[in-house]
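Input: a single structure, listed below in structure tokens.
For ligands, and for the atoms within them, numbers begin at 1 and follow the listed sequence. The basis for the numbers below is simple: all heavy atoms, side chains too, and nothing from hydrogens, waters or symmetry mates.
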Amino acid sequence: MELNTKEMEIAYKQSHTQAAFMDLNEGYGVFDTAAQAIVAAHEAFGSLDQKGSTARKTIVEAVKGLCQEFAVAWGRFEIQETGVGRFEHKVEKLQIIPLVQGVESLDNHAMIGDCGVTFEQPVAWGVIGSITPLTHVIPTIAANIINMVAAGNTVVFNPHPNGVRSAILAIRAFNYRIEEVTGLKNVATMVKNPTVESFNELCAHPLVRLLSVTGGPGVVKAALNSGKQALCAGPGNPPVVVDETADLDRAAEQILLGAAYDNNLLCIGEKEIFVVDAVFDLFIAAFKKAGAFQLNDAQMAAMTKVAFLKDKNGNMAVNRDCVGRSPSVLAKLAGFTGVPADCQLLFAVTDADHIFVQEEQMMPVIPVVRVANIDEAISQAKRAEKGCQHSAMIHSHNTLSINRMSRELNTTIFTQNGSCLAGLGIGGEGYLSFTILTNTGQCISTPNVFTRKRRFVSVHAPYAI
Ligand code: NAD
């Protein structure tokens, strides 16, 4: 993204504030050990509880405000540190943080009758241990603080080690501003050097009442085996189906928008396309017209060779050096030229068994599979989604097919005739979160999922049986 002069000025000013936060030697939520971070967050929980929902609303507004104020500087900082994704999308993911739900969304349910009044009141867990991914470091931390603190909790983060400086920058800024506006310290804390050991400490510590995990299969498995109550936002491999009733130009544009976003780092992003035979060639033409660049068989073979490597168990796994890289960098890694510099998305025609179809690749290379009809499209989409129950998309005007696919894949997000982004309130209705709770079967995270429910019963007249 080219910045105009005004934006450059703002980024420059912000970088000074940013440096100030990085230079603070200690405090503002960043601790050497997990135990220190947990104890500090626990003390903050007591103080937050005393201050009530007004303070929680103030904190939510402070976090939302900072994300907008520092979007450009933090976006730049995060991409420089992590090296994955696209700058303009790092910025946008911070600018949209106001779409995350706060205190106003908490469920308050009253039952009124002859005996009196009963409320089911959402109450906090206490300290939540939160594990966050590399793919959106600051947006996930910000959205989690908003959801968790709105529900009355405080939080300790064990962020991804490769994004730790971005996490420190944001956590310090959030605590600095939260203290300024509420007087509360350490509402969100973190471990300065997050490791698997510090993750294990969070899991074992009695003051951590709940875990919230956003990441891939390894960390989800570790959290579910930890013995601690865990809400898990795990991996996906979102398929998209295009049938003969689709508006093909619109489908091509929307798929390109979603699959190219942040170099396909989004867990909700389109990862493989199944197109029915009747419109297959027309869709390919529309996809090219929208700006996707077609790889030939030799180029796709070279790309596959660099994009997937054998892991330590001998299984093929995505090469982390390719995750979130741009099309031109990927082409260079694969050893071919000819990809236009402004190209956002590469695609190739493959069969349904191809590793790019069956594995979550998180890079802007999308396979397109020809299927005979909608029956095969839905069954192959289901196979590729692998029961993650994460996200799926369809481009169709056949209500029976749309409903059937939504029921058969049974994903947490299902989008019809829009890009994956619409599923998180960007070009579609609804709220945002970067924590899509899949493995433990909930929903897109909101403050409510981070609450317990207390039934509060007020008896007006003793009932005579
Ligand atoms: P990752 O699994 O490598 O890392 C996620 C977090 O878990 C990091 O903080 C990492 O340090 C930690 N971690 C990893 N393995 C661990 C282990 N064995 N024990 C303890 N901690 C461990 O994932 P990533 O590359 O950061 O993010 C991409 C993955 O996360 C993709 O699979 C994507 O689909 C998923 N994701 C899901 C959501 C969602 O809302 N469902 C959101 C973002 C990302």
Taking atom types as modelled and ignoring hydrogens, do the side chains of [X] and [Y] form a donor-acceptor contact shorter than 3.5 angstrom?
X: N147; Y: S445; answer: yes
X: T435; Y: T214; answer: yes
X: K185; Y: N175; answer: no
X: E81; Y: S166; answer: yes
X: T82; Y: N162; answer: no
X: E92; Y: Y261; answer: yes

Is the Lys NZ or Arg CZ of R165 less than 6.0 Å from the centre of F77's six-membered ring, within 45° of the axis?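 No; the conditions do not both hold, so R165 does not lie above the ring face of F77.
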P217 N/O to ligand 1 N/O under 3.5 Å: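 No.
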Does the N or O separation between A222 and ligand 1 drop below 3.5 Å for any pair?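 Looking only at distances, the answer is no, because the N/O contact criterion of under 3.5 Å is not met.
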Is it the side chain (CB and beyond), the backbone, both or neither of [X] that lies under 4.0 Å from ligand 1, heavy atoms counted?
X: T132; answer: backbone
X: I131; answer: side chain
X: N158; answer: backbone
X: E197; answer: neither

I need the atoms of ligand 1 closer than 4.0 Å to a non-hydrogen atom of [X], numbered in the order shown.
X: H390; answer: 39 (C), 41 (N)
X: G236; answer: 34 (O)
X: H136; answer: 43 (C)
X: P159; answer: 9 (O)
X: E360; answer: 31 (C), 32 (O), 33 (C), 34 (O)
X: M362; answer: 28 (C), 31 (C)
X: T435; answer: 40 (O)
X: P161; answer: 11 (O)

Criterion side-chain contact (heavy atoms from CB on, under 4.5 Å) against K90, the qualifying member of I138, V137, V72, L265: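 It is L265, the one option of I138, V137, V72, L265 that forms the side-chain contact (heavy atoms from CB on, under 4.5 Å) with K90.
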Given [options], which has its nearest heavy atom closest to [atom]?
atom: atom 1 (P) of ligand 1; options: G324, S198, G216, P133; value: G216
atom: atom 14 (C) of ligand 1; options: N200, V219, T82, V196; value: V219
atom: atom 41 (N) of ligand 1; options: C388, G234, G269; value: G234

Does at least one non-hydrogen atom of R320 fall below 4.0 angstrom from an atom of ligand 1?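 Flag set, R320 near ligand 1.
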Identify the closest protein heavy atom to [atom]: which residue and atom is it, and at what distance?
atom: atom 36 (N) of ligand 1; answer: C267 CB, 3.8 Å
atom: atom 10 (C) of ligand 1; answer: H160 CD2, 3.7 Å
atom: atom 40 (O) of ligand 1; answer: I436 N, 2.6 Å

Do the side chain of N153 and the main chain of F450 share a donor and acceptor less than 3.5 angstrom apart?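 A pair under 3.5 Å: yes.
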Salt bridge (charged side-chain N to carboxylate O under 4.0 Å, His left out), that's the test. Do D32 and K192 meet it? Break it down for me. CA-CA 5 Å; D32 286 335; K192 198 192 259 170; 3.2 Å; yes
If we check side chain to side chain donor-acceptor pair (under 3.5 Å) with Q442, which of these qualifies: T440, T438, T446?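 Of all the options given, the one that passes is T440.
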Taking the side chain as every heavy atom from C-beta outward, state whether E201 and H205 have any atom pair closer than 4.5 Å.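 A side-chain contact is absent here, since even the closest heavy-atom pair is not under 4.5 Å.
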Pair F287, F347 - check ring pair (Phe, Tyr, Trp, His ring centres under 6.0 Å), show working. CA-CA 9 Å; F287 210 26; F347 77 95; 5.0 Å; yes
